[in-house]
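Starting off with a structure, shown below.
Bear in mind the structure is a predicted one, so any value in this text is a computation, not a measurement.
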Amino acid sequence: MLQVKNMSFGYYKKPILKHIDFQIDIGEHLSVIGESGSGKSTLLKLLYGEMDVTEGSIFWKDTQILGPKHNLIVGYDFMKYVAQEFDLMPFITVAESIGKHLSNFYPEKKRKRIKGLLEVVELTEFSNIKVKSLSGGQKQRVALARALANRPEILLLDEPFGHIDNFKRRSLRHKLFHYLKANNIASIVASHDQEDVLPYADRMLVLHKAEIVANNTPEHLYKHPKTPLIASFFGEFNVIDGEIIYAHQLKIVDRSNLKATIKKSYFKGASYLIEADLNGENVFFRYSETITTNTIVCLSIVK
């Protein structure tokens, strides 16, 4: 397992991460969320050994993860890291890039391995295309396949689908995370997209102001959001009398003490997101159809 104990890191006495403690088991999927600048990418770089921790320690099983002060070559064979800027050689083919670090002693085994990974990242038809000819999203998929080539024990992913369009993102997510679970590969995924997290993560770690403010299952954090920051990850929400209420938990009723004036209706596919004024504060709720502006409705909280 990965164990992070009391880890801190900063630049020029400015703390980026403070007293970080968590662990991840073999085959477990941990999602790291937080606002921009909260330290998500820095955390992954420290876990990979790309930078030296200021204090504390990181271990994978019995091996301590150390940074460039201790290692001439960054990284470890059992761990792979796919950053937002993926380093690919432009003048070799997709297949060559994926199999670059695979042994040539067993060519048929290598060929099958590359073929299987091409299927995982949905690039089979691009096997013989040079990397320089690919789009940003296709290059990101090559980087993901290359990271999996030598069967790492743990995979670190920084916004792994950020360059990939929505047409491919859904199926790629499913195939990649299914592959990781099926092969018992632990993963830590830094993301701002709830679709990367909710269906797949075993646990969510929330960073805020350099510290961990929550570490639990997505279901628990969704049902018991301690702060607006956590609630915001799951969608539109309101704070009514100090309580966090999701948009779908507000319903129109015939009578109640919560009287709101409709401001705008936003089409969201299966329903409309309605913006309304409640005692001078904006609130949002979902409804099956659009509602005329300035209509007064009564709302009830239904959990």
Would you mind telling me which of I262, V283, I252 makes a side-chain contact (heavy atoms from CB on, under 4.5 Å) with I274?
I262
Do M7 and I24 share a hydrophobic cluster, counting only Ile, Leu, Val, Met, Phe, Trp and Tyr and linking them when any side-chain heavy atoms are less than 4.5 Å apart?
yes
Test side chain to side chain contact (heavy atoms under 4.5 Å, CB included) applied to N104 and K110, step by step
CA-CA 7 Å; N104 291 315; K110 178 176 180 177; 2.6 Å; yes
Decide whether M89 and V142 are clustered together by the hydrophobic rule: side chain heavy atoms of Ile, Leu, Val, Met, Phe, Trp, Tyr closer than 4.5 Å, transitively.
no
If every non-hydrogen atom of E122 is compared with every non-hydrogen atom of L172, which pair is closest and at what distance?
OE2-N, 4.2 Å
K259 (side chain) donor-acceptor with S256 (main chain) under 3.5 angstrom
yes
Sidechain N-carboxylate O distance under 4.0 Å for R173, D196
yes
Could you check if a side-chain atom of K263 sits within less than 4.5 angstrom of a side-chain atom of N282, using non-hydrogen atoms only?
yes
May I ask whether L102 and L118 are part of the same hydrophobic cluster, defined by side-chain heavy atoms of I, L, V, M, F, W, Y residues being less than 4.5 angstrom apart, directly or through others?
yes
Would you please name every residue forming a salt bridge (Lys or Arg N to Asp or Glu O under 4.0 Å) with R169, sequence neighbours left out?
D193
Any ring pair (Phe, Tyr, Trp, His ring centres under 6.0 Å) involving residues 276-300? Give me the pairs, sequence neighbours left out, ordered by first then second residue.
none
Run the side chain to side chain contact (heavy atoms under 4.5 Å, CB included) check on L207 and I212 step by step: do they pass?
CA-CA 5 Å; L207 291 175; I212 295 174; 3.8 Å; yes
Taking the six-membered ring for Trp, are H224 and H220 parallel (under 30°), tilted (30 to 60°) or perpendicular (over 60°)?
tilted
When clusters are formed by joining ILVMFWY residues with side-chain heavy atoms under 4.5 Å apart, either directly or through shared neighbours, do V239 and V206 land in the same one?
yes
Can you see which heavy atom on L144 is nearest to which on P160, and at what distance?
CD1-O, 4.0 Å
Can you tell me how the ring of Y222 sits relative to the ring of F234, calling it parallel under 30°, perpendicular over 60° and tilted otherwise?
perpendicular
Between F237 and Y246, is the gap from one ring center to the other below 6.0 Å?
no
Is there a side-chain contact between L176 and L148 in this structure, where contact means two heavy atoms from C-beta onward sitting under 4.5 Å apart?
yes
Would you say the side-chain atoms of R113 pair up with the backbone N or O of A149, donor to acceptor, closer than 3.5 Å?
yes
Kindly work out whether a path of hydrophobic side-chain contacts (I/L/V/M/F/W/Y, heavy atoms less than 4.5 Å apart) joins V4 to I16.
yes
Output yes when K181 and D202 qualify as a salt bridge under the 4.0 Å nitrogen-oxygen rule, no when they do not.
yes
Would you say the side-chain atoms of H19 and E211 include a donor-acceptor pair closer than 3.5 Å?
no
Return yes when atom CZ of R170 has more than 12 non-hydrogen atoms of other residues, nucleotides or ligands closer than 6.0 Å, and no otherwise.
no
